[in-house]
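This report concerns only the one structure given below.
By convention in this document, chain letters (A, B, ...) are assigned in the order of the sequence lines, proteins followed by strands, and residues within each chain are numbered from 1.
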Amino acid sequence: MNAVVARLVVQRLGIMLISLLIVAFAVFFATEMLPGDVAQILLGQSATPQAVAALRTAMHLDQPAILRFVYWLGGLVSGDLGRSYANNMDVAALISGRLTNSLQLAGVTTLFSVPIALCLGITAAMFRGSLYDRIVSIVTVSVISIPEFMVATVAVLVFAVYLRWLPALSIADQVHGIGELLRIYAMPVITLSFVVSAQMIRMTRAAVIDTLNTPYVEMALLKGASRRRMVLSHALPNALGPIANAVALSLSYLLGGVIIVETIFNYPGVAKLMVDAVSTRDLPLIQSCAMIFCVCYLLLILIADVIAIISNPRLRNR
Amino acid sequence: RATRAFADTPKSGGSMTAAGWSSSTADTLDPAKASLSTDYVRCCAFYNRLTFLGEDGNVAMELADKVETSDGKSWTVTLKPDVTFHDGKKLTPEDVVFSLNRLKDPATGSKVQAIAKQFASVKKVDAKTVEIVLEAPNADLPIILALHHFMIVADGTTDFSKGNGTGAFKCQTFEPGVRSVGVKNENYWKPQLPHLDSFEFIAISDDTARVNALLSGDIALAASINPRALRRLDNVGGVTVSKTTSGNYTDLNVRLDLSPGDKAGFVEGLKYLVNREVIQRSVMRDLAVIANDQPVSPNDRYYNKDLKPKAHDPEKAKHLFKKAGLLGQSIPIVASDAATASVDMATVVQQAGSEIGMPFEVKRVPSDGYWSKYWLKAPVHFGNINPRPTPDILFSLLYASDAPWNESQYKSERFDKMLLEARGMLDDTKRKAIYGDMQTMISDEAGTIIPVWISNVDALSSKLKGLKPNPLGGMMGYAFAEYVWLDS
Amino acid sequence: MSNIVEIRNLRVKAKTDSGRVVEIIKGVDLEIAKGEVVALIGESGSGKTTIALTLLGHTRSGCSIASGSVTVDGRDTVAMSEAERRRFRGTTVAYVPQSAAAAFNPSKTIMDQVVEVARIHDLMPAAVARQKAVELFRALVLPDPETIGARYPHQVSGGQLQRLAAAMALIGDPQVMVFDEPTTALDVTTQIEVLRAFKAVLRDRGMAGIYVSHDLAVVAQIADRIVVLKDGEVQEVGTTEAVVNHPSHDYTRALISAFHPQAKSSPPSDAAAPAAPILQVKSLMAGYGAMGQDGLPKYVVLKDVDLTLERGRSLGIIGESGSGKSTLARAIAGLLPPAAGQIEMNGKALAGGVRQRSKEELRRLQIVFQLADTALNPNKPVGAILARPLFFYHAMRGAARAAEVDRLLDMVRLPKALKYRLPSELSGGQKQRVNFARALAAKPDLILCDEITSALDTVVAAAVLELLDELQRELGLTYMFISHDLSTVEAICDRVAVMYEGAKVEEMPTSRMKSGAEHPYSRLLISSVPQLDTGWLDGLDDDPLLRSAMADRRAAERWAVARRQRS
Amino acid sequence: MSSTVSSARGLGLRINIVGAIGAAIILFWVAVAILAPLIAPYPVGKIVAFDYFQPMSSSFWMGTDYLGRDMLSRIMMGARYTVGISLAGVTLACFLGVTLGMIAAVVGGWFDLILSRFLDAFNSIPSLLFGLVIVAGVGSSLTVLIVTLALIYAPGSYRFARALAVNVNAMDFVTVARVRGEGIVYMVREEIFPNIIGPVLADFGLRFVFIVLLLSGLSFLGLGVQPPQADWGALVRENLDGLSYGAPAVVFPSLAIASLTISVNMLIDNLPYRIRDRGE
Ligand SMILES: Nc1ncnc2c1ncn2[C@@H]1O[C@H](COP(=O)(O)OP(=O)(O)OP(=O)(O)O)[C@@H](O)[C@H]1O
Ligand SMILES: Nc1ncnc2c1ncn2[C@@H]1O[C@H](COP(=O)(O)OP(=O)(O)OP(=O)(O)O)[C@@H](O)[C@H]1O
Ligand SMILES: [Mg+2]
Ligand SMILES: [Mg+2]
C-alpha cells in the first residue's frame with residue numbers, strides 16, 4: 001500500500017468515527033420519537049401505567065433516555081455494546097451469531113452476483129446496440145421490477161414445494177459441506193442477486209461504454225486489437241473506479257436491506273434483528289445494528305475508492 | 001376400525017420442527033413475561049402449571065393433586081409428589097409460593113399482574129400443601145391457575161434462559177428471535193410422555209412461507225395459517241388441518257367518551273352497518289363464527305345462547321347515523337395489521353358506509369407501536385383479544401368501569417356490581433344467569449363491536465398425530481409438544 | 001516505381017442526426033510511392049484525418065466509406081473483412097495520433113502499450129519486442145530508453161509521449177506510417193526534437209508516410225510531396241519545393257502568405273501620450289496545492305512576477321510548456337488567488353479571488369481559454385453561449401440581444417446561421433472564434449488570451465490575429481497574449497515577456513525579439529521556430545548554439561521527470 | 001440503434017420505435033390513472049364475489065382478489081397511486097439529490113465534505129426506522145409519503161450526481177462562467193445540469209423501479225396509500241397467496257408494474273431528440 005491510499009484510509013476512518021456519531025444521535029432521536037418504550041412494549045396489552053412504571057424501575061430505565069444513551073456511547077468507546085433491554089442479553093453476543101450469518105449470505109451473494117453482473121454489463125457494453133444488449137437491458141429492468149417477495153415465493157414454490165430439490169427454509173447452522181451450502185443458500189442468493197445485480201449491470205455497462213469512446217480505445221482498434229482486447233485490456237481497467245463504486249452501493253444493500261429474504265427463508269440475520277430491536281424499542285440493540293450497517297456501508301465505499309485509486313496510476317502515484 | 005386404532009397408538013421417538021408466526025428478540029423463557037404464541041409453546045414444553053384446561057374446557061390437575069376451597073376465598077393446593085425439576089431439584093411448596101408471588105410484583109413485568117393482584121397471600125402450609133388466600137372470593141381460581149403465565153418455576157430463579165422447569169422437555173437451545181430446541185425429559189413425571197425425542201420451534205412470520213415450509217416438508221406443523229391457504233391444502237396429500245374455534249376476536253371499538261361515539265345512535269348504527277356475514281365469508285373465509293358483540297365465546301358454558309347477533313341493516317344504520325347527526329361526516333377508523341384482519345374488516349365497513357352516504361376513512365397505521373399508541377386511544381379503532389378462560393377475567397379486564405383495557409370506556413355501576421356478585425358465587429346456575437345478563441348489557445350498551453369469533457387453523461403433516469383442539473388456543477393450547485407423536 | 005498506397009475516387013459520407021447524409025470526402029485520388037512522405041495540408045475540417053484513417057480501413061463513428069478504393073500494399077482496405085483489417089492494422093499501416101496524451105491508456109505502462117502491436121499480431125516473443133522497443137526509444141532520442149517504458153503516460157512530457165506514440169507505431173515494422181498532426185500540441189522546442197526523430201526514422205527504414213498537418217513550415221521539413229485539401233477535395237498536388245515556392249492554388253497561396261503575418265502596426269497614439277497602465281502585477285507568487293507554513297502553496301509555480309500592461313497595447317507572453325503562462329493568466333483572472341503580490345487594475349487593487357471581485361471588475365477583464373473544445377459548453381448552441389454575457393452584464397433581451405449576437409458573430413467573421421449549432425458541430429477555428437466572441441460580448445477593456453491560435457491552421461490563425469488587431473484599434477482593447485508560437489506573438493504584440501520555470505526572465509519590445517534577446521532560454525526559443533524552408537531542419541545540426549541549448553534542456557527534462565517520480 | 005424511426009415532425013421531435021413504445025405505454029397508464037374513477041367497472045372496495053382468487057371471466061376481466069373484489073378496478077385505481085406517487089417521489093428525490101450534488105460539486109470545500117458525510121450517515125439509517133419515525137412524527141398523508149420516498153432515495157441520487165458534476169465542474173466552460181461572476185443557480189442549472197442529464201436520467205429510471213417497489217412496503221407501514229385503495233406493489237403483496245393458484249390477482253399487478261417500469265426505462269434509453277435547425 002502506498003502513501004496515497006494510506007492517507008485516504010486514515011482520513012476516511014477518521015470521518016467514519018464522526019459519521020458513526022451522527023448516526024448514533026440520529027438513531028437515538030428517531031427511536032425517542034417512536035411511540036412507546038421498552039417497558040410498555042414488553043408488557044404489550046397488559047401495560048397499565050403502574051405496571052409500566054414498576055417495570056421501568058426494575059429495568060433501570062427510569063433515568064432520562066439521553067443519559068442512558070450517553071452511557072451507552074461511553075461503553076461503546078471501550079468496545080462494550082451494552083445489554084439488550086428486551087432480554088437482558090449481551091448485545092455483542094446477540095449480534096455476533098447473526099452478523100456471521102448475514103455476512104455469510106452477503107458473501108455468497110457477492111461471489112455469485114458480482115461476477116455475473118460484471119460479465120453481463122461488460123458484454124452488453126461490448127456489443128452495444130445489438131440484440132443481445134437490448135435483451136440484457138430489458139431483462140435487467142424486468143428482473144428488478146419484480147418485487148423481491150414475489151421472486152422468493154416463486155422460487156420456494158417451484159424448487160421447494162413442487163420439485164422438492166431445495167429446502168424452503170435456510171437454516172444457516174445446518175451447513176456442513178459445500179453441497180449443503182449450495183442447497184441452503186441457493187434460493188436466498190438467487191433472490192438477492194435479482195435485486196442487486198441490475199444496478200451493477202447497468203452501471204458497468206455505462207462505465208465501460210464511456211471508456212470505449214475514448215481515443216486510446218480507438219487507438220487500440222487502430223493497432224489491430226480485437227473487440228475483446230479493446231474492452232478487457234483497455235476499457236475495463238479504466239472503468240474500474242466507477243464500477244467499484246456501483247458494486248459497493250449495490251452490496252451495501254445486502255446487510256440491512258434483506259429483511260424480506262430473511263423473513264421468507266427464515267434466515268436469522270441482522271436485518272431481522274434490527275426490525276425486532278425497533279419494534280421493542282431496544283435502544284442498545286438498535287444502535288448497535290445501525291452502527292454495523294453504517295460501518296459496513298462506509299467500508300464498502302472506502303474499498304471502492306481504494307480500488308479506484310489503485311486502478312488509476314495517476315491517482316496512485318500522486 | 002383396526003387401522004385407525006393402530007394409527008392412534010402413540011409411537012415414541014423422532015423429532016419434529018414446528019413453526020409459529022412470530023418471534024423476536026423479546027422472546028423469553030420466563031413464564032411471567034410470556035407474550036407471544038412462541039413463548040407459550042416453550043413454556044408449555046419446559047414447565048408445568050398447577051392445573052390445566054382440557055380439550056373439553058374442564059379443569060384438570062397437573063402439578064396440583066387437588067385444589068380445594070370452601071368459600072372461594074381461601075384455597076388449598078396439594079402438590080403431586082415426586083416431581084423434579086430438570087436440574088434434579090424436587091418440586092416443593094416454596095417453588096409454588098415463589099412462582100405465584102412474583103406474578104404480583106410489578107417489577108417482574110408479569111403479564112398477569114392485574115389478575116395476580118387478587119392473591120392476598122400465598123403461603124406454604126406443609127411439605128406438600130400451599131394456601132392461597134384471595135382478596136375476594138373467586139370461584140374461577142382453578143381456571144386462572146391454568147393460564148400459561150402461572151407455570152411453576154424453581155424457587156429463587158433469576159436467570160430464566162435455561163428453562164429449568166418440571167416439563168416434558170429440557171431446553172437444549174434457546175436463541176431469542178431465532179429458534180429453540182427441546183429434548184425429551186427422560187425423568188418426566190407423567191408416565192409415557194412425551195413421545196418425541198426432541199422438537200424444534202421456530203417462527204415464520206410470512207403466512208405463505210409458513211405454508212410452503214410445511215408443504216416442502218421442512219416443518220411438520222404450521223400454526224395459525226391464513227384461511228386463504230386452505231384451498232391449497234385441500235389439494236395436496238400428506239397434510240391435515242386442525243381447526244379450533246376459540247374465543248379469539250378482533251373488535252371494532254368506539255370510545256363512548258369521545259366524538260363520534262358520544263353521539264347517541266352512532267354505535268348502534270355501526271352495529272347494524274357491520275356486515276357480519278361478509279366478514280365471516282369473505283374476510284375470514286368461513287373460518288369464523290358470527291358473534292354478537294360480547295366477549296364470551298360460544299364454547300363457554302356461560303355463553304348466552306339467546307342473545308342474537310344484529311343483522312346487517314344499512315337502512316336502519318343510516319337512520320341511526322342521521323339521528324346522531326353524523327350522516328355524511330367523514331369518520332376515521334384506525335386499523336392495523338397488528339389486529340388480525342382489522343384492515344379488511346375496516347374496508348368492509350367502509351364500503352358498506354359508502355353505499356349509504358356515510359364516508360368512513362380507513363386509517364391503516366403501523367403494527368409497530370399500535371398497542372401503545374392507538375389501541376384504547378383512537379375514537380374508532382380495532383382491538384384484538386386473545387381467548388381468556390373465564391367470563392370473569394374477560395369482564396374485569398375489558399368491561400368493568402376500572403378495567404385496564406376498557407376498549408370503549410364502558411361505565412356501568414350495575415355491571416360492576418354484577419361482576420363482583422358473580423365472582424364469589426359458587427352456585428353455577430345463578431352465576432350463569434348473571435353472566436347471561438351481563439352479556440346482553442355489553443352487546444347492547446358497550447361500544448365494542450365483535451363481529452365474529454376467529455377460528456384458529458393449524459396445518460400439520462399427516463404423520464403428526466395426537467393434536468387435538470384446545471380452548472386456550474391453537475396448537476393444542478400451545479402444549480402440543482408434550483402430546484403429539486410421529487407416525488412413520 | 002510502384003505505389004504502396006493508391007486511393008481512387010474515395011468518397012466518405014457522414015450521417016447527421018436529422019438523418020441527412022453529407023459527403024465529407026468527395027472523390028479523392030492519391031498515391032504514395034514506396035519510401036515517399038506525402039503531406040496532407042488544408043484547413044480544419046477539410047477531411048485530412050478522415051482520409052488518413054481510411055488507410056487503416058477505419059472511419060469515425062457516424063461516417064462510412066461510400067465508394068472508391070484505398071489500396072495499401074496491393075490490398076483494398078475498403079473491401080476487406082473486419083478480421084482482415086485487424087491483421088492489417090499495426091503491421092502494414094500504423095497510425096500516430098494527433099494527441100498522444102489522449103491516445104495512451106492512462107492505466108497501462110508505456111512499454112505494455114508500445115509492444116502491444118507485437119503481442120496482438122504475435123510478431124515476436126515478448127522479450128524480443130521489448131528489446132526492439134528500447135532500440136526504438138533510443139532511435140527516437142528519448143531519455144532513459146532502458147527504463148522509460150516502465151513509466152505510466154502521465155509520467156512523461158508531452159513531447160516524449162508523441163515520440164513514444166511513434167515508437168508504438170513503428171514496432172510492427174509497418175510499410176506505411178500515418179502521422180496525424182503529431183506536433184500541433186507541442187511547443188516549438190519540443191517540436192523540433194520530435195520532427196527530427198520522425199525524419200530520421202522514416203529515412204533509416206525507408207518507410208512511406210502520410211503526414212497530416214496544417215502547418216506548412218513543419219510539412220516543408222519532412223514531406224516529399226504536398227497534397228492540399230479543401231472541403232474534402234484535392235486542390236493541388238506537387239513536390240514540397242514546388243508548392244512552397246510556387247503555389248498555384250489560391251488556398252495554398254493564402255496559406256503561404258499567412259505564414260508571414262504582417263508585423264504589428266504601431267498604434268497611432270504611440271509616442272504622443274505615454275499610455276497609463278491598465279493592469280499592474282507586482283511580485284506575484286502563486287501555485288497549487290495546500291498552503292504551507294511559510295504562507296506559500298505546496299507547488300509554487302509563479303515566482304515573483306512583475307508585469308505592466310499599458311492601455312490599448314498588447315503584451316505577449318512566451319515560454320515553454322509548463323513554464324507557468326496559463327497559471328499567470330489564471331492568477332490575474334482571479335481563478336487562482338495569489339499567495340503573495342498584488343494585481344492592480346486602473347490603479348485599483350483587485351481582490352485575489354473571483355468571488356471577491358465586483359461584477360464590473362469581472363466584466364472589464366475577460367479571459368479566453370487555450371482549449372476551445374472544453375471552454376464551450378457542449379450542450380448549448382452558439383447563440384445561447386454568446387447571449388449569456390450580454391444578458392448578464394448588460395441586461396440585454398429579446399431582439400436587441402439577438403441583433404447583438406449577430407453582430408458579434410459578424411465581428412469574428414462567422415456566418416449568422418452558426419448560432420444554431422452546438423460547439424461539437426464547429427471546426428476548431430470556429431470554436432476558437434466563438435470563444436473569443438464570448439469575451440467580446442462583455443465589452444471588456446482587457447482580454448487575457450491563452451494560446452487562442454495554437455490549435456488553428458495558419459490561415460485561420462492569421463484571420464483571428466487580424467481580427468484581434470482590428471478590434472484593438474476600433475475598441476481600444478488591451479491584450480495579454482499567451483502563446484508558444486513566436487510569429488503569432490510577433491504579429492500582434494508590442495512587447496513580449498519570456499517566462500521560464502515560473503519566472504519572467506526577460507521583457508522586450510517585439511521588434512527587438514529576433515535580435516535583442518539576451519537570456520539563453522529566450523534565444524533557444526526564438527531560434528526553434530520552424531522556417532518555411534525545406535532545408536531548415538537539416539541545417540539546424542550545424543547551429544552550435546542550438547545544440548548546446550538542446551543538451552541542457554534534455555538534462556533539465558530528465559531531472560524534472562526524476563523529481564516528479566520521487567514526489 | 002433501431003432501424004425504424006418514427007418522427008413527430010410537427011413538434012420537431014424524433015423518437016425511435018423502442019422509445020415510442022415506451023412512451024405509448026406510459027401514456028396509456030397515465031390515461032388509465034386519470035380516467036380510473038370513470039372507467040373502473042366496480043367500486044375498489046366492494047366485495048363483488050364471495051369467491052376469492054377467481055380466474056378471469058367476462059364479468060371480472062382480471063379475476064377477483066383475496067377478498068373477492070374486482071381486480072381490474074383495483075388495478076385501474078392503483079395506477080393513480082403507483083404512477084402518480086412514484087413519479088412524484090422519484091422526481092423529487094432526483095431533484096433534491098441532483099441539485100444538492102451539483103451544488104456540492106460547484107461549491108466544494110467544507111460544504112461538500114460536510115454534506116457528503118452527512119448524507120452518507122443518513123443513508124445508513126435503515127429505511128424502516130426512518131419510515132416509522134415519519135409516521136410517528138408527522139403522521140401519514142400522500143404528501144408525507146412522497147416526501148419520505150424522496151428523502152430515502154435522495155442521498156443515493158446525490159452521490160451519483162455529485163460524482164458526475166465534479167467532473168464537469170473541472171471543465172473550462174464552467175471556469176469561464178465562474179470568471180464571469182455567475183451565481184450558483186446559473187452555474188448549476190445552465191452549465192452543469194445539461195452535461196450530466198444523460199446519466200442522471202438513466203439513474204432516474206432505476207430509482208423509479210425501486211420506488212415503485214418501496215411504495216408498497218411503506219403503505220404496509222401505514223404511510224400514504226390507505227385501504228381500500230392500494231398501489232400495484234401492495235396489490236401483489238396482498239394477493240401473494242394466490243400465487244400458488246396462478247391467480248390473475250397476483251399476475252396482473254405484477255405485469256402492470258413490469259410494463260410501467262420497463263417502459264420508463266425504455267423511454268429514457270431512447271429519449272426523443274429535437275431536430276435542430278443548424279442553419280445549413
Ligand atoms: N461523425 C461525423 N458526422 C458528421 N460530420 C463529421 C463527422 N466527423 C467528422 N465530420 C466532418 O467531416 C469533415 C472532415 O473532418 P476531419 O476530422 O477529417 O477534418 P480535419 O481536416 O482532420 O480537421 P482538423 O484539422 O480540425 O483535425 C469536417 O467537416 C467534420 O465536421
Ligand atoms: N492544478 C494544478 N495542480 C498542480 N500543478 C499544476 C496545476 N495546474 C498546472 N500545474 C503545474 O503548473 C505548472 C505551470 O502550468 P501552466 O499551465 O501555467 O503552464 P503553461 O505555461 O501554460 O504550459 P502550456 O504551454 O503547456 O499551456 C506546470 O508544471 C503544471 O504541471
Ligand atoms: Mg484532424
Ligand atoms: Mg497553458
Side-chain angles (χ1 to χ4, degrees), chain A residues 2-8 10-11 122 125-130 133 207-245 305-318, chain C residues 49 52-53 55-61 82-110 112-123 150-155 165 168-169 171-172 174 178 180 289 564-567:
Chain A
N2 64 54
V4 181
V5 173
R7 202 172 53 225
L8 178 94
V10 170
Q11 182 199 345
I122 292 168
M126 218 151 129
F127 304 106
R128 168 176 37 153
S130 68
D133 179 26
V208 172
I209 285 181
D210 235 32
T211 41
L212 275 178
N213 288 331
T214 55
Y216 53 81
V217 174
E218 191 180 20
M219 189 63 219
L221 172 87
L222 293 176
K223 285 199 264 185
S226 58
R227 206 199 278 255
R228 222 175 98 116
R229 186 176 186 90
M230 277 156 57
V231 171
L232 295 185
S233 166
H234 288 274
L236 196 56
N238 290 291
L240 226 49
I243 292 178
N245 240 301
D305 288 349
V306 168
I307 289 179
I309 288 183
I310 291 181
S311 72
N312 185 341
R314 198 180 283 266
L315 298 176
R316 183 169 55 196
N317 297 325
R318 197 162 42 192
Chain C
T49 303
L53 285 175
L55 262 68
L56 293 105
H58 180 62
T59 50
R60 275 166 303 189
S61 66
E82 197 52 47
E84 278 174 316
R85 271 187 209 131
R86 265 211 302 276
R87 283 196 290 277
F88 185 75
R89 290 171 183 156
T91 52
T92 311
V93 195
Y95 183 75
V96 181
Q98 181 156 4
S99 163
F104 272 95
N105 186 334
S107 64
K108 301 181 81 174
T109 62
I110 288 168
D112 277 352
Q113 302 188 57
V114 169
V115 299
E116 192 175 6
V117 168
R119 285 192 52 188
I120 292 171
H121 302 287
D122 219 357
L123 298 176
R151 299 188 199 163
Y152 285 94
H154 72 278
Q155 291 170 322
M168 185 159 81
I171 193 110
V178 177
D180 190 357
R564 221 172 319 172
Q565 276 182 326
R566 256 203 317 276
S567 61

* Anything in residues 215-222 of chain A with a heavy-atom distance to chain C below 4.5 Å? Please list those residues in order. => A:P215, A:Y216, A:E218, A:M219, A:L221, A:L222
* **For the student: nearest non-hydrogen atoms of C:S107 and A:P237, plus distance** => OG-CB, 3.5 Å
* **Toward chain C, the part of A:S226 with a non-hydrogen atom under 4.5 Å** => both
* **Rounded distance [0.5 Å steps], CE in A:M230 versus CG in C:N105** => 12.0 Å
* Asked: Which residues pass the side chain to side chain contact (heavy atoms under 4.5 Å, CB included) test with A:L236, sequence neighbours left out?
  -> A:I122, A:V208, A:L232, A:I243
* To do: Under 4.5 Å, heavy atom to heavy atom: which of residues 84-93 of chain C reach chain A? Give them by number, or say none.
  => C:R86, C:R89, C:G90
* To do: Answer with side chain, backbone, both or neither: which region of C:F104 has an atom nearer than 4.5 Å to a non-hydrogen atom of chain A?
  => backbone
* **Atom of A:N238, atom of C:P106 and distance for their closest heavy-atom approach** => OD1-CG, 3.4 Å
* What residue pairs, at least two apart or across chains, pass salt bridge (charged side-chain N to carboxylate O under 4.0 Å, His left out) with a residue in residues 221-244 of chain A? -> A:K223-C:E116, A:R229-C:E116
